[in-house]
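For reference, the structure is listed below as structure tokens.
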Amino acid sequence: MGSLELIVEKHTERIHHGLEVLPTLKHGLPAGLGNKRWTGELILATYEQALTGELPMNGLEYKTGNSGGGFDVLGWKSHDGVAKVDEDQVDLSISLNKRGEGKKIEIPLPIYGGGMSFGSISLNFMIARARAAKKLETYTSTGEGGYPDQIVPYRDHVITQVATGMFGVREETIQYAPIVEFKYAQGAKPGLGGHLLADKVTSEVAKMRESSMFTSLYSPFPFHSVYSVEDHKKHVDWIKTVNPRALISVKVSTPTDVDMVAIGSYYAGANIIHIDGGYGGTGAAPEIAKKNIAMPVEYAIPKVHEYLVSEGVRDKITLIASGGIRTADDVAKAIALGADGCVVATAEAVAVGCTHCGNCERGRGCQVGITTTDPELSQFIDPAWGEKRIVNLFNAWSKRLRIILAEFGLASVRELRGRKDLLVRYK
Amino acid sequence: MQETGYRRFKIESKPAPHAYPIPNKFDVSARKVRLAGMLLHEAFEYKFKKEVVLSRPCIYGVFGGRFGGFKPIKQKCVGCMRCVQEYPHIMRVKPSDEYKRLGDSFWTPEMVYTIWNEAATGKIPVKGMGYKGAFGGEGFDGIWTDMSEIVRPTRDGVYGREYISTSVDIGRKPVHVNFEKLDHTPTTLEVPVPIILDELPAGTESDDVSIAVDRAAEQVGTLRVTGKGDHSQANLPIVDEKQIGEYKQTPRILEFDAQEQGLLDKLLSDFGSTILIGRLPLKEDTSSMVSELVHRGVHGVHLYADYHGWDYSKEPRHISAALKDTHQQLVREGVRDQITIIASGGITLAEHVPKAIICGADLVGIDTTVPVALQSEFHGETQNRENCGLKPRKIDPAWGTQRLVNLMSVWHDQLIEILSAMGMRDVRRLRGDIGRSMMDSELREQSFKGIAWAA
Ligand code: SF4
Ligand code: SF4
């Protein structure tokens, strides 16, 4: 084995070892790890769940962060006196197509993977996510960076994203897709479009995106072909012409009129309205956008859910929430607030070693091989290892979801939807 | 030669690195005996292959010095935590004590770092993997700005194709034209960004700082408020009654203490064509005082809170609430469009500018941010206008100018990010447009309605 391989092997082993040892707290809670949203404990608890597929047993906080609002100030009402159901009998499946027509797609847990594009993340991590989606019988999304050949074998579990830059959007990538996701906006940079820094545009990325190497890529905002619901309907028709089987998801941010956007999307033919709040992840975004533009998803979910109910179409469209879903409890709270299910991306990155340090765009990119195109660093994530960890994480989350539902006597996650009455608020 | 044609407004930034060393954000240390043991162990494990044994976990060069992990180069640490992941029994990384001590009860270490870096680089702060701070909060933190899914202008506004105007006019706008008195038509003064540099906090102004502030204001094309009687192009002097006589020519713009009885009338009679801005502390009765000033002919008001953004009411309100109050009162009276409102106090980050404007200001004045950008030292609380805990350091005026120009440049760019997300082409449209904002307190009550409080 050459030195380079040995170096990669050495660090890969060490990182994997660290991910096992750190959650035991044998060496204490690392003081520099985490932040208000992803606390050090939450990160370690995620490592632990990704390792074992079980909920942490050593007292690590795995339910909430410390942000002082949103999901972090919501808890569960006492279930004393409620007749419990058997955890193993709890059904976690949700439907992604509630319309009368089109293919019926159900996923066995109310979670699928969010768009993280080729170029902003490493190919190995992208493959790991696709493999995990297949194993879990759910989906992952390409993000807007195109469809690498290496994920074609998992295409029945890959959502093709069509975003404003149209990078890598081709007839065949639309035809592969069981679900096509229009990304109108992204919570972490609402109204601002995407930006891939020049350093990450390697020859493979440039080829995939049909652009020039090492030149920054901006996706415009908004779609320059869509300025109304009618224009959006034309977009849907275009996809349906290319791939009549595909379900349509519309990913939007959370402006004041997010409820109107949702109903417009429904009437334009969407099967899924996916609202992405500002506190979610991204390769890189201006700090001012993440903190200040558009409302957190915790506030947007009830607004959209209740509006769809009042318009009488709630049972004809699937409402998916994302942008700051870190734990199984966050998923359950989002559903209790009115979502059908959630899209998760950052937690998958944490499962494979992300520390939420925010250095994704610095220098060579992510030091543990997640958000990087650096040939050496990318190798730290072996797709099979990554797959296992993501599958384990969601298995642990499924256990937690079953516990929550069983305790409230709910036999299906679908019964939790909109049950705000099961939540309590903390000051 | 006279310049003709179209010129896109852009504030040119240039690197102006910190003149004084800044505290390391992270403190990195290794348990030395364990580190030596690990090196020995790895030497055998990797058969003394030097490049493998000495290959470090840090891609930022923290262990790249002669003594490797025994003497880490702490200033290079970005807190990625990979060394801790790889060697949890050896490595310790934590936020440094010096970093944690930065600022005061209002200025968090993160805010100080943000301003330093904006002033040093002129670049918008960008980070990966989502937001890391608290959920909403008080004051400006409890306000989110709106975005639009489908309307123009777009982010292209920042990068090229479409123009978003950040200019505002200072002065009184007539509601109708009086053809009999055309020579008495009040003038307005246009500044290309809705930001002026307010009077420097007491004790933070040295001669060099003053030169830097002057030049920066001039370079950007904005104004600096000053109590000194110096009449340079960029100055917006504050005058008292005694100083009125010192003016040989009619100044184009003045600020005055609007609490001083009779001063406005005197200024109106002595300086008919000067733009007159009355300075007033924000408190319970500010709305009625401003309303009275409007009726007496003032051209604008400069409303200020303390340096932490709290007004001077008996039960202090955040400047955002106090501004809304005054703005809405003037709207109700039908006079809001006649005057300019400048707001200052606690406007310390780029995001505070659009939020103050949404709450009703036409433009803002920045205060403690200026000495912070110039690396003044914190010596206690900065809240008090008479006794602000910032102490200036010796600076080179050229360096100071560039730092402030960079700051304005990056705030301008961030303002455009906010405006473009909303689909607005002109910052003037943002004024008082509360409908394009979302309040944490209101959304919480609407969205969490029906959720019981925990016992
Ligand atoms: S750089 Fe940091 S935040 Fe970004 S993916 Fe890697 S570990 Fe996560
Ligand atoms: S935390 Fe990251 S940047 Fe800091 S010393 Fe460790 S590996 Fe290097």
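Chain A is the first sequence line, chain B the second, and so forth, proteins listed ahead of strands; every chain is numbered from 1.
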Heavy-atom distances under 4.5 Å only: say whether [X] touches chain A with side chain, backbone, both or neither.
| X | value |
| --- | --- |
| B:Ser437 | backbone |
| B:Lys132 | both |
| B:Arg56 | backbone |

Shortest non-hydrogen contact between [X] and [Y], atoms and distance:
| X | Y | answer |
| --- | --- | --- |
| A:Ile7 | B:Ser55 | CG2-OG, 3.3 Å |
| A:Lys420 | B:Ser447 | NZ-O, 2.8 Å |
| B:Tyr131 | A:His356 | O-CE1, 3.6 Å |

- Query: Less than 4.0 Å between a side-chain N and a carboxylate O, is that true for A:Lys10 and B:Glu42?
  - Reply: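 A:Lys10 and B:Glu42: salt-bridged.
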- Decide, yes or no, whether a salt bridge links B:Glu445 with A:Arg425 under the criterion of side-chain N to carboxylate O below 4.0 Å.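 Yes.
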Under 4.5 Å heavy-atom distance to chain B, tell me which part of [X] shows up: side chain, backbone, both or neither.
| X | answer |
| --- | --- |
| A:Ala289 | neither |
| A:Glu9 | neither |
| A:Leu4 | neither |
| A:Leu74 | side chain |
| A:Leu422 | neither |
| A:Phe71 | neither |

Taking [options] one by one, which has the highest count of heavy-atom pairs under 4.5 Å against chain B?
| options | value |
| --- | --- |
| A:His305, A:Lys291, A:Glu13, A:Arg364 | A:Lys291 |
| A:Lys303, A:Lys427, A:Lys77, A:Met116 | A:Lys427 |
| A:Ser67, A:Gly65, A:Cys357, A:Pro302 | A:Ser67 |
| A:Ala336, A:Gly70, A:Ala349, A:Ser78 | A:Gly70 |
| A:Leu377, A:Leu6, A:Thr256 | A:Thr256 |

- Query: Under the side chain to side chain donor-acceptor pair (under 3.5 Å) test, which residues partner B:Glu51, sequence neighbours left out?
  - Reply: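 Side chain to side chain donor-acceptor pair (under 3.5 Å) list for B:Glu51, sorted by chain: A:Ser3.
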- Message: Test of understanding: with side chain to side chain donor-acceptor pair (under 3.5 Å), list the residues that count as partners of B:Lys94, not counting sequence neighbours.
- Response: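 Result, side chain to side chain donor-acceptor pair (under 3.5 Å) vs B:Lys94: none returned.
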Cut-off 3.5 Å, no hydrogens considered: what does the side-chain donor-acceptor table look like for residues 15-32 of chain A, sequence neighbours left out?
unit_1, atom_1, unit_2, atom_2, d
A:His16, ND1, A:Trp385, NE1, 3.4
A:Thr24, OG1, A:Val21, O, 2.5
A:Thr24, OG1, A:Lys26, N, 3.2

Taking C-beta and beyond as the side chain, do [X] and [Y] meet within less than 4.5 Å on heavy atoms?
| X | Y | answer |
| --- | --- | --- |
| B:Lys127 | A:Glu361 | no |
| B:Ile418 | A:Ile293 | yes |
| A:Leu337 | B:Phe448 | yes |
| A:Tyr279 | B:Phe135 | yes |
| A:Cys354 | B:Met129 | yes |

Among [options], which has the most heavy-atom pairs under 4.5 Å with chain A?
| options | result |
| --- | --- |
| B:Gly450, B:Gly133, B:Cys58 | B:Gly133 |
| B:Glu351, B:Gln414, B:Lys49, B:Glu45 | B:Glu351 |
| B:Leu349, B:Leu443, B:Asp141 | B:Leu443 |

- Item | Sorted by number, residues from residues 85-92 of chain B in contact with chain A (heavy atoms, under 4.5 Å) |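 Contacts with chain A: B:Gln85, B:Glu86, B:Tyr87, B:Pro88, B:His89, B:Arg92.
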- Would you say B:Glu138 has more than 12 foreign heavy atoms packed within less than 6.0 Å of its CD?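 12 or below, so no.
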- How many angstroms lie between CE in A:Met295 and CZ in B:Arg444, if you round to the nearest 0.5 Å?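 A:Met295 CE to B:Arg444 CZ: 14.0 Å, rounded to 0.5 Å.
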- Reported SG-to-CD1 distance for the pair A:Cys366 and B:Ile59, which is rounded to 0.5 angstrom: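 It comes to 7.5 Å.
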- Message: For B:Thr145 and A:Asn292, which I'm curious about, is there any donor-acceptor pair between the side chains at under 3.5 Å?
- Response: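 A:Asn292 and B:Thr145 do not have a side-chain donor-acceptor pair below 3.5 Å.
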- Message: Side chains of A:Tyr299 and B:Asp440 only: does a donor on one sit below 3.5 Å from an acceptor on the other?
- Response: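 B:Asp440 and A:Tyr299 do have a side-chain donor-acceptor pair below 3.5 Å.
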- Can any side-chain N or O of A:Asn359 pair as donor or acceptor with the backbone N or O of B:Val78 at less than 3.5 Å?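 Yes; judged by distance alone, with no hydrogens or angles, the pair exists.
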